[in-house]
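One structure is given here, and the rest of the page talks about it.
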Amino acid sequence: MIAGGLGNIRRPQVQKGDVPIGAKLVVLGGPAMLIGLGGGAASSMGSGTSSADLDFASVQRGNAEIQRRAQEVIDGCWSLGDANPILLIHDVGAGGLSNAVPEVVAHSQRGACIDLRAVPSAEPGMSPMEIWCNEAQERYVLAVAPDRLQSFAALAERERCPFAVIGDIDGTGQLVVHDSLFDTNPVDMPIEVLLGRAPRMSRDVKSVEPARRSFDISRIDLREAAYRVLRFPAVQTRLF
């Protein structure tokens, strides 16, 4: 679940506890930006075959200062031991929130309702798809215990790290992303359908004995064979 980071900055390990109904979904770190769209598709294309628009949109820009602040918040949480407010953590990488949020929700086989406009954004005019799918770096999706949200907020404010509560875990098994600006649900589907389970691969393996021709060495002169090998340039280079 944890994607790459910046230099030697520490990255948190994935924590997977049970996420109860009512847990808060929180985005910790930097805002959404119009970058990283199509990042996975662009990186898979041959050099010179993509368009300039895709090249620009696929660029991901790091922010070491926000990353450091987010790391301090995460360190502060796990140092609380049993009082750690973070129930589950997932960094935001390929696919942006469209990947991180469903995987957090699916872990405990729950559902969730997301307020798309609660996602912090640094660029006005972004479409619902761009807010949901951009791959802006230095962000994490957290499931936070509702009774410990205040302690989490205090840690984030102490480190001056941006965060936003974007939704709640529920028991519907449905992922609903509501856009209050247009009063629509850009995403409204069962988690099982969204993530799915790939069919189990079946392989039928058989060992086939290769056909070999008999090798007759009775007519080979050993001295002549040795000279022929030693005359080969690659063998000469290694010997001399």
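Fair warning: this is a prediction, and the values are worked out from it, not measured in the lab. Count residues from 1 along the sequence.
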_side-chain contact (heavy atoms from CB on, under 4.5 Å) for Val176 and Ile114? Distances and angles first, verdict last._
CA-CA 6 Å; Val176 178; Ile114 307 297; over 6 Å; no
Residues 104-114 vs salt bridge (Lys or Arg N to Asp or Glu O under 4.0 Å), sequence neighbours excluded, gives Asp18-Arg110
Sequence neighbours excluded - salt bridge (Lys or Arg N to Asp or Glu O under 4.0 Å) pairs with any residue from residues 147-164: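 For residues 147-164, and leaving out neighbouring residues, there are no salt bridge (Lys or Arg N to Asp or Glu O under 4.0 Å) pairs at all.
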Tell me, please, which residues at least two apart from [X] pass side chain to side chain contact (heavy atoms under 4.5 Å, CB included).
| X | value |
| --- | --- |
| Ala118 | Asp115, Ile166 |
| Arg223 | Asp221, Tyr227 |
| Arg212 | Glu209, Pro210 |
| Ile220 | Phe215, Ile217, Ala225 |

query: Do Ile66 and Pro162 come within less than 4.5 Å of each other through their side chains, counting heavy atoms only?
result: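 A side-chain contact under 4.5 Å exists here.
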State, yes or no, whether a side-chain contact exists between Pro85 and Leu80 at a heavy-atom distance under 4.5 Å.
yes
**Request:** List the steps, then state whether side-chain contact (heavy atoms from CB on, under 4.5 Å) holds for Val92 with Asn99.
**Result:** CA-CA 8 Å; Val92 178; Asn99 174 57; over 6 Å; no
- For Glu224, does the CD atom sit with more than 12 other heavy atoms under 6.0 Å from it, leaving out its own atoms?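 Yes, because the 6.0 Å sphere around CD of Glu224 holds more than 12 heavy atoms from other groups.
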Closest approach of [X] and [Y], non-hydrogen atoms and distance?
| X | Y | value |
| --- | --- | --- |
| Met126 | Glu123 | CG-O, 3.3 Å |
| Ala122 | Pro124 | O-CD, 4.1 Å |
| Ala112 | Asp170 | N-OD1, 3.2 Å |

Once you round to the nearest 0.5 Å, how far does [atom1] of [X] lie from [atom2] of [Y]?
| X | Y | atom1 | atom2 | answer |
| --- | --- | --- | --- | --- |
| Asn84 | Phe152 | CG | CZ | 10.0 Å |
| Cys77 | Leu142 | SG | CG | 7.5 Å |
| Ser98 | Leu175 | OG | CG | 10.0 Å |
| Glu103 | Leu97 | CD | CG | 12.0 Å |
| Ile74 | Leu155 | CD1 | CG | 11.0 Å |

Return a table of donor-acceptor pairs under 3.5 angstrom between the side chains of residues 182-191 and protein atoms on other chains or two or more places apart.
unit_1: Asn185; atom_1: OD1; unit_2: His178; atom_2: ND1; d: 2.9
unit_1: Asp188; atom_1: OD1; unit_2: Gln174; atom_2: NE2; d: 3.0

Judged by atom type as modelled, is there a donor-acceptor pair below 3.5 Å linking the side chain of Asn134 to the main-chain atoms of Glu130?
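Pair found, side chain donor or acceptor close to backbone of Glu130.
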Is the side chain of Glu135 donor-acceptor paired with the backbone N or O of Cys133 at a distance under 3.5 Å, no angle test? no
Sorted by chain and residue number, the side chain to side chain donor-acceptor pair (under 3.5 Å) partners of Ser218 (sequence neighbours excluded) come out as Asp216
Name every donor-acceptor pair, under 3.5 Å, that has one atom in a side chain of residues 21-37 and the other anywhere in the protein, sequence neighbours excluded.
unit_1: Lys24; atom_1: NZ; unit_2: Asp168; atom_2: OD1; d: 2.6

**Message:** According to ring pair (Phe, Tyr, Trp, His ring centres under 6.0 Å), does anything in residues 110-138 pair up with another residue at least two apart or in another chain? List the pairs.
**Reply:**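 The answer is none; no pair qualifies.
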Practice task
Identify, with sequence neighbours excluded, every residue that meets salt bridge (Lys or Arg N to Asp or Glu O under 4.0 Å) alongside Arg117.
Solution key: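 Testing Arg117 for salt bridge (Lys or Arg N to Asp or Glu O under 4.0 Å), a comparison that skips the adjacent residues, returns Asp179.
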So, Glu72 and Arg69, do they make that salt bridge, N to O below 4.0 Å?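 No, no charged N to carboxylate O under 4.0 Å.
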### Worked check of side-chain contact (heavy atoms from CB on, under 4.5 Å) between Leu87 and Val144
CA-CA 6 Å; Leu87 301 173; Val144 176; over 6 Å; no
